[in-house]
Amino acid sequence: MLCQLRGTVDDSKLPGIPQGPMPFNLSWRASIRYYSTSLQGSKLFPVKELTTHDILLQSRFIYQPAAGLVHWLPLGLRTYRKLQAVIRKRMDQAGGLEMELSSLSSKNLWEKTKRWDNNELFKFKDSKYRDYCLVPTCEEEITNLIGDLCSSYKDLPLLTYQIARKYRDELRPRGGLLRGREFLMKDAYSFDLTKEDALRSFDNVNEAYRKIFEDLKLPVTVANADSGSIGGDLSLEYHLIHKSGEDVLFECNSCQTVSNVEKCQSLPEKGFKGAKEAECQYFINKDRNTLIIMYYPKGRTLTPRYIMDEIPDIDFSIDEEMALAMFKNESEESSSFLVKEIIRVIDPRVTSNTNMPDLKVLYHRNSMFTFTDIPIVEAVAGERCYECEKGTLSEHTAIEVGHTFYLDKKYSSPLDCTVVNEKNESTIVYMGCYGIGVSRLIAAIAQTGRDEVGLTWPQIIAPYQITLLSNKTSNEENLDVVAELLSSFDLQVDGRDGKFSMGHKLKQSKVAGIPLQIIVGKHFPLIEIEVRSPIQHSQELKDLYKRKTWDWEIQESPQTAGCSEKHLVHLTGLAQVVDLLLKCL
RNA sequence: GGUCUGAUGGUCUAGAGGUAUGAUUCUUUCUUAGGGAGGAAGAGGUCCCGGGUUCGAUUCCCGGUCAGACCCCCA
């Protein structure tokens, strides 16, 4: 793939450089085109004012044919594949077995897990009017598959994964890759005989995730999370902190616990005397014999599910009016007042100093129970951590890029995924599921890594590691010599001539976030290397510098946009220096 | 599903009741030659779709479609 961008439009003048197959059968000319037309109109829209999504579009990583859909272009596809390779490597090391399930799934499994009635599911009918969906995730299919194929405890523990496209009928897709209707996700599923084993599998995958983000050199934040519609009771989210993020996290400055706002209880600040005024909301339990009244400070967001541990049979599907009607109705029918109960849940911010609203039901003192120590509203920054009760919470916005769930038997039970144990007894397996949004991760990395000049990728997923380019006057043979010298590297050779100036080619490479620009120009046989983002010199590099027997100058912090340092190296040492520089990234 | 905004050459845009401005891009060509080069000539538009008002609508009105932002939702 050396000469993908090499040469002029005139095929007859192509130099004798090996030509690899073009991705997607794009013609030679199309390849030149995607490069040369990038950032059109950049004078009108300087890169630093563009959104990251626009940079991805204009530097031809992706093409957006319609809202929520993405075509991957040659440059973007390289990053897309490299990121998959990183994930694949770590999942394999964790013992994962890669598979690939169909993107289509028939209705019956989804009915068993009660997830068919979801308007984000892409549903359609075939010519025989049978219902299908495009998979938004694969718990149903994989659980069914494993239940069918695995029958003995000897098959466990089992970890399967796939990197495949997923579909969600988002009402309003947004932010391009961040929230598309079709996206790439790595989804993994673990199957274990016992809960202990399942929790070990959960830890195992989380460890693999840690390594993946370490490979990418990303400062990922792990947060306790609500498990949402997936269910289960243990769930971790992986986030990149960024101001554009849609998730809100709270971090405790004492115990360091990070939690998603959806799963973050908080205590009032020290010395808080109580809210001025309270509001309340009524709920009823599933047996319809207990009314639950939640009191919380006026103006705060009530989070009723925080009481789930204490009142597991609370029924959130019944609204306030219905709950009150049911309770009153039951009261009349039932002659015994004693079987009726009222539970008051009073948020800790509501105290004796607080104005309480009037009760809407008659009650009997003996049948009333009160919680006063369970926080039931969304946390806000500045309040005290509920975990350690010492630290103060601070707020961050973040982009969620990964999520792990311990599922217990949530899916294995309705889908009857069982194995026999040593005693030949049938037992339901324990599951976990684990996702990384691959396409979203690319967008998140682009977003968090970009600067005024353009994108900056972690070296391991940059579309190319190096752009090798010529200036307008250097002769082609010199470029060939250097290309040959560096042929073992992941190299993009931009030998376009004519109207493409050196500055033009440099800018394009830097906008695209290629880590190194190497210029074959007027100093030949000295070669210029520009480093896109700041790096730490390794000891190895410093040693080589001391031992060098050929020309090598380093210019720290040059006054060039998108360039942290420049090297002027003689051909003789070029490959060694490039190799060590890449290792510093 | 709600609220708002928008739709004009491939891309971005100006504009006004009388078929359209500028830039960019693309083609040919000359010059230039180290930080997104400059000139010359050329190419490229049923002004989103349907209806209404009008002598005449791309422009005004109504409806639709699509796109974007904010809600809502959300493994």
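Throughout, a chain's letter reflects where its sequence line sits, starting with A, and its residues are numbered from 1. If you're wondering where the values come from, they're calculated on a predicted model, not measured in any experiment.
- No side-chain donor-acceptor contact under 3.5 Å links Y406(A) and D203(A).
- When only modelled atom types and interatomic distance are considered, D169(A) and Y167(A) share no side-chain donor-acceptor pair under 3.5 Å.
- The gap from the C1' atom of rU19(B) to that of rU59(B) amounts to 12 Å, rounded to the nearest Å.
- When all heavy atoms are compared, the tightest approach of T221(A) to I241(A) is OG1-CG1, 3.4 Å.
- Nearest nucleotide to the E528(A) side chain, out of rA37(B), rG34(B), rG35(B): rG34(B).
- Base pairing analysis places rA33(B) opposite nothing; no Watson-Crick or G-U wobble pair with both distances below 3.5 Å involves it.
- Among the protein residues, H523(A) comes within range of the nucleic acid bases, having at least one heavy atom under 4.0 Å from a base atom.
- When atom types are taken as modelled, the side chain of R60(A) and the backbone of L57(A) share a donor-acceptor pair closer than 3.5 angstrom.
- Rounding to whole angstrom units, CG of residue L57(A) and C1' of rG10(B) are separated by 15 Å.
- When rounded to the nearest whole Å, the span between CG of L121(A) and C1' of rC74(B) equals 13 Å.
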- Message: Each nucleotide in nucleotides 66-73 of chain B should get exactly one letter: B, S or -. Can you fill that in based on protein heavy atoms under 4.0 Å?
- Response: -SSSS-BB
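- Here rG36(B) presents its C1' atom at 6 Å from NZ of K507(A), a figure rounded to the nearest Å.
- The gap from the P atom of rU58(B) to that of rG9(B) amounts to 15 Å, rounded to the nearest Å.
- Rounded to whole Å, atom P of rU11(B) lies 11 Å from atom CZ of R60(A).
- Across all strands, T560(A) comes closer than 4.0 Å to base atoms (heavy-atom distances).
- Following rounding to the nearest Å, K510(A) (NZ) and rG35(B) (P) show an atom-to-atom distance of 14 Å.
- Separation of the P atoms belonging to rG68(B) and rU11(B) is 15 Å when rounded to the nearest angstrom.
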